[in-house]
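To start, the structure itself, in structure tokens.
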Amino acid sequence: MTSRKRNWKPATQLVHSGTLRSPHGETSEAIYLTQGYVYDTAEAAEARFKGEEPGFIYSRYANPTVDMFEKRMCALEGAEDARATSSGMAAVTAAILCGLQAGDHIVAARALFGSCRWVIETLAPRYGIESTLVDGTDIGNWEQACRPNTKLFFLESPTNPTLEVIDIAAVAELATSRGARLVVDNVFATPLQQKPLQLGAHVVVYSATKHIDGQGRCLGGIVLSDKEWIDKNLHDYFRHTGPSLSPFNAWTLLKGLETLPVRVRQQTESAAEIAGFLATRPEIARVIYPGRADHPQAAVVAKQMAGGSTLICLELKGGKKTAFAFQNALEVVKISNNLGDAKSLITHPATTTHKNLTDDARAELGIGGGTLRLSVGLEDTDDLIADIGEALDRAG
Ligand SMILES: *Cc1c(COP(=O)(O)O)cnc(C)c1O
């Protein structure tokens, strides 16, 4: 049985892996909404606390529904072990801080989700951990930024919102050669379209809030890596600081995983079609879409990603005024800073997700007044194209 299970393709893993059935034999995974667990005897409690007997102790440490989510994600990612968290940021923060101490140094790609950038630029230095942010698309910049005390590399790819693609294998090789670890935030790619561990990364993190839930319901996150690193760096931190995922949210995310391949495939197909349509419109200065031949890192996309993206970055010619008029004229596509949802969502990064950056930092990242990020949902592609086309007509 075990050897055959190893050969399951992702869609099968996402329906069946990690399932822990109760004696009732339920079809759908049970929600173990419990804080604690009872022991038959005092001796059994003692044995469980000593680690001599398997079993759950307290839901801050582990919970059966959360365990199913972690195991299913491990199967998909090809990771030995994982810890689920209450949000994506809890996962990112744990992955960055747990393996470091005062005196260590981080090198990170500067195109980061706003809160990831805050953890690296603002929080870590308070505890004596310094950082250097680089343009991650050039491996030479990573090399130059290294110091003898560099212990951690961090990147997102594709990046938010301009969908830059970073060569994960090259950064992983550099990290490994220096005895450092590479943490990859793989949210934009989804676990289906990019496998950072196979590319040599040491730790992968997700905001499960995005495509993994995929239906806009709950927050969640996960850190995946080898068992030794998790035992050494995360185990005690998770037990004692409590970023644990709620069993109810773990259940919602398990249900999300079942449909992840179908949703991501459809959303990616739609996004590719919409990106093609946008490229034909005179109101658009630039369309950035991984999978298009004119993507700035098209060769890296082809090397490390299995498909395109569910996200599109577009630049309107008229700047902020036109970008706002376009957003306000949309009917099917909703204005929201979230992404990976069944509903198509559009956001104006300069005034929302990236408003806290300085003008210079925004310019460095290529975020202007006309820049918009579109997360393509599950609506009919023709309806989306019609909505976008009409909104462009009205905004133009
Ligand atoms: C949303 C997001 C996060 C944070 O996730 P939350 O679940 O909102 O805490 C981190 N990284 C990236 C790339 C994201 O898109």
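Count residues from 1 along the sequence. Atoms within each ligand, like the ligands themselves, are counted from 1 in listed order. Every heavy atom of this structure was used, including side-chain atoms; hydrogens, water molecules and symmetry mates were not.
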Drop me the distance from Met305's CE to Gln194's CD, to the nearest 0.5 angstrom.
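Nearest 0.5 Å value for the CE-CD distance: 5.0 Å.
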Between OG1 on residue Thr351 and NE2 on residue His348, distance to nearest 0.5 Å:
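Output value for this atom pair is 4.5 Å.
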Between Gly88 and ligand 1, does any nitrogen or oxygen pair lie at a separation below 3.5 Å?
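In this structure, Gly88 places an N or O atom under 3.5 Å from an N or O of ligand 1.
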Tell me the protein heavy atom at minimum distance from [atom], and give that distance in Å.
atom: atom 4 (C) of ligand 1; result: Phe113 CE2, 3.5 Å
atom: atom 7 (O) of ligand 1; result: Thr209 OG1, 2.6 Å
atom: atom 9 (O) of ligand 1; result: Met89 N, 2.9 Å
atom: atom 8 (O) of ligand 1; result: Ser207 OG, 4.1 Å
atom: atom 11 (N) of ligand 1; result: Asp185 OD2, 2.6 Å
atom: atom 14 (C) of ligand 1; result: Lys210 NZ, 3.0 Å

State the atoms of ligand 1, each with its element, that fall below the 4.0 Å cut-off from a heavy-atom position in Ser87.
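Answer for ligand 1: 7 (O), 9 (O).
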Which of the ligand 1 atoms, numbered from 1, are nearer than 4.0 Å to a heavy atom of Glu156:
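Selected atoms, number and element: 13 (C).
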Check whether any side-chain N or O of Asn337 sits under 3.5 Å from a backbone N or O of Thr347 as a donor-acceptor pair, and report yes or no.
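No: the side chain of Asn337 does not pair with the backbone of Thr347.
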Under the salt bridge (Lys or Arg N to Asp or Glu O under 4.0 Å) rule, what do Glu331 and Arg394 come out as? Steps first, then yes or no, please.
CA-CA 12 Å; Glu331 282 174 9; Arg394 277 197 258 166; 3.7 Å; yes
Donor on one side chain, acceptor on other, Thr371 and His354, under 3.5 Å
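No pair is found: no donor N or O on one side chain lies under 3.5 Å from an acceptor on the other.
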Classify the angle between the aromatic ring planes of Phe248 and Trp251 as parallel (below 30°), tilted (30 to 60°) or perpendicular (above 60°).
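If you compare the ring of Phe248 with that of Trp251, the planes turn out tilted.
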Among His16, Glu77, Glu29, which one satisfies side chain to side chain contact (heavy atoms under 4.5 Å, CB included) with Arg72?
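Exactly one pass, corresponding to Glu29.
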